[in-house]
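Let me begin by presenting the structure, written as structure tokens, before commenting on it.
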Amino acid sequence: MIFVKDPVHLRFVRVNKAAEVLLGLDRKTLIGKSDYDFFPQQQADFFAMKDREALKSPAIVDIAEEQIDSPTGKRWLHTKKIALKNSADAPLYCLGISEDITQLKLKEEERTKIEKQLRANEHQLSLILDNIGEGVIVTNNRQEIVLVNQMAQDIFETNEDGYFADWTKLFFVYHSDGTTVFPAQQLPIVYSLSGKETDELELVIINKVSRTKKLIKVNGRFITDEKNDIIAAVATIKDITHQKEMEEKYRKLIGYGRGSKDEIQ
């Protein structure tokens, strides 16, 4: 939209076709009238203020965003105004060029809304993950850790994300028999990235520093995108050390009762 106004009353003296379309008024209606004839008081005051500013300024006045009421509803414009002056440096006209940025503005608002919702979803997901009874570790397809929940940190005795990228170097990992070394390349979080899933895998891990021994149960799953390419892997870990200890305890108690002379007849 291009428009020209007189420097005294700020009335339109020239407008182009785009101005007629945007404002929903023909140029015969616009010429000789000011913003106060078409817009609410607050909008007209703002337009007039910027017109006066442009007439006094030696440079272009750039209004990054301004709102107007049009026949199609509220629109947002990016407007630049400059004074056209005579040889004596006196303003003859105020020239304005406005670009309709409504669609960009709406997309920006929608993006902001989506980002806000994503942050809320992430917070909710974080609360859920930190309050479930299993550890969760997620890596991207480059085996970089992108998510570790609180339970995983507790199982592996750390709260440092960088630790998880190399946790196998800090733990001895064995099959459930506690003696056969488990190959690092077959760990569920790695195995899943090759498109293979792991179910209820029992492993023994021993912290090389604290010597803490734990029996864990691990599941591994891969995540694909819309092209069916693997983009991430998820491992869930459950510490079953206490459960196995209790099972062994009861097994011994049951075995003792059945084999003893004091067995109840």
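For reference, positions follow the sequence shown, starting with 1. Values reported hereafter were calculated over all heavy atoms of this structure, with side chains retained and with hydrogens, waters and symmetry mates removed.
Once rounded to the nearest 0.5 Å, the distance linking OG1 of Thr112 with CD of Glu115 reads 5.5 Å. Going from atom CD1 of Ile63 over to atom CZ of Phe47 covers 9.0 Å, rounded to the nearest 0.5 Å. Distance NZ/Lys81 to OG/Ser98: 7.0 Å, rounded to 0.5 Å. How far CG of Asn219 is from OG1 of Thr198: 8.0 Å, rounded to the nearest 0.5 Å. Taking CG of Leu77 as the reference point, atom OG1 of Thr102 lies at 6.5 Å (rounded to 0.5 Å). If you take CG on Asp239 and NZ on Lys217, they are separated by 11.5 Å, rounding to the nearest 0.5 Å.
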Might you work through the ring pair (Phe, Tyr, Trp, His ring centres under 6.0 Å) test for Phe171 and Phe156, ending with a clear yes or no?
-> CA-CA 9 Å; Phe171 281 85; Phe156 293 105; 5.7 Å; yes
Starting from the C-alpha separation in whole Å, work towards a yes-or-no answer on salt bridge (Lys or Arg N to Asp or Glu O under 4.0 Å) for Arg221 and Asp199.
-> CA-CA 9 Å; Arg221 295 289 183 271; Asp199 290 304; 2.4 Å; yes
Worked verdict on Thr236 versus Val218 for side-chain contact (heavy atoms from CB on, under 4.5 Å) | CA-CA 6 Å; Thr236 59; Val218 189; 6.0 Å; no
Residue pair Phe3, Phe12: steps toward the side-chain contact (heavy atoms from CB on, under 4.5 Å) verdict | CA-CA 7 Å; Phe3 56 88; Phe12 292 102; 4.0 Å; yes
Can you check side-chain contact (heavy atoms from CB on, under 4.5 Å) on Ile68 and Leu22, steps first, answer last?
-> CA-CA 10 Å; Ile68 68 166; Leu22 180 65; 4.1 Å; yes
So Val173 and Leu187, side-chain contact (heavy atoms from CB on, under 4.5 Å) or not? Walk me through it.
-> CA-CA 9 Å; Val173 185; Leu187 288 167; 4.2 Å; yes
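By the criterion of side-chain heavy atoms lying less than 4.5 angstrom apart, applied directly or through intervening Ile, Leu, Val, Met, Phe, Trp or Tyr residues, Val4 is not grouped with Leu55; the two fall into different hydrophobic clusters. Both Leu25 and Met1 are part of a single hydrophobic cluster, where members link through side-chain heavy atoms under 4.5 Å apart. At a threshold of 4.5 Å between side-chain heavy atoms, the hydrophobic network of Ile, Leu, Val, Met, Phe, Trp and Tyr places Val190 and Ile216 in one connected group. Put simply, Leu30 and Val21 are part of two different groups of oily side chains (I, L, V, M, F, W, Y) that touch within less than 4.5 Å, one to the next. There is a path of hydrophobic side-chain contacts, each under 4.5 Å, that joins Met151 to Val148.
The shortest side-chain heavy-atom distance between Tyr93 and Lys5 does not fall under the 4.5 Å cut-off. With a 4.5 Å cut-off on side-chain heavy atoms, Ile2 and Leu95 count as touching. The shortest distance between side-chain heavy atoms of Asp69 and Lys74 falls below 4.5 Å. Two residues are said to be in side-chain contact when any heavy atoms from C-beta on lie closer than 4.5 Å; Val234 and Val136 meet this criterion. By the 4.5 Å heavy-atom criterion applied to side chains, Leu201 and Pro188 are counted as neighbours. Counting only heavy atoms from C-beta outward, the side chains of Trp76 and Glu99 never approach each other to under 4.5 Å. Lys105 places a side-chain heavy atom less than 4.5 Å from the side chain of Glu109.
Judged by distance alone, the side chain of Arg75 and the main-chain N or O of Ile101 form no donor-acceptor pair under 3.5 Å. Not a single donor-acceptor pair under 3.5 Å links the side chain of Ser34 to the backbone N or O of Leu10.
Judged by distance alone, the side chains of Asn149 and Gln153 never bring a donor and an acceptor atom under 3.5 Å apart. Residues His78 and Asp62 bring a donor and an acceptor atom of their side chains to less than 3.5 Å of each other. Inspection of the Asp35 and Gln43 side chains reveals no N or O donor paired with an N or O acceptor under 3.5 Å.
For the pair Thr212 and Ser210, the tightest heavy-atom approach, listed with the atom from each and the gap, is OG1-OG, 2.8 Å. Among all heavy-atom pairs drawn from Phe39 and Leu23, the shortest one is CZ-CD2, 3.6 Å. When every heavy atom of Gly220 is checked against every heavy atom of Ser192, the shortest pair comes out as C-OG, 3.2 Å. Shown here for Ala54 and Ile82, the closest heavy-atom pair between the two residues is CB-N, 4.1 Å. The minimum heavy-atom distance between Val204 and Lys213, with the atom names listed, is CG1-CE, 3.6 Å. Heavy atoms only, all atoms of each residue included: Leu193 and Ile230 are closest at O-CD1, 3.6 Å.
Within 6.0 Å of OH on Tyr191 lie no more than 12 heavy atoms contributed by other residues, nucleotides or ligands. In this structure, Gln185 places its CD atom where more than 12 heavy-atom neighbours from other residues, nucleotides or ligands lie under 6.0 Å away. With a 6.0 Å radius and a threshold of 12 heavy atoms from other residues, nucleotides or ligands, Lys85 has its NZ atom above the threshold.
Salt-bridge formation is not detected for the pair Glu110/Lys107: no Lys NZ or Arg NE/NH1/NH2 atom is positioned less than 4.0 Å from an Asp or Glu carboxylate oxygen. Ion pairing between a basic and an acidic side chain is recognised when a charged N comes within 4.0 Å of a carboxylate O; Lys244 and Glu202 show such pairing. Under 4.0 Å is where a charged nitrogen must lie from a carboxylate oxygen, and between Lys214 and Glu157 at least one such pair does. Of the charged side-chain nitrogens involved, none lies within less than 4.0 Å of a carboxylate oxygen, so that Lys238 and Glu134 do not count as a salt-bridged pair. With respect to Lys56 and Asp51, no salt bridge is recorded, no charged nitrogen being found less than 4.0 Å from a carboxylate O. Under a 4.0 Å N-O distance rule, the pair Arg11/Asp6 does not qualify as a salt bridge.
Cation-pi check for Lys208 over Phe172 is met; the charged atom lies under 6.0 angstrom from the ring centroid and within 45 degrees of its normal.
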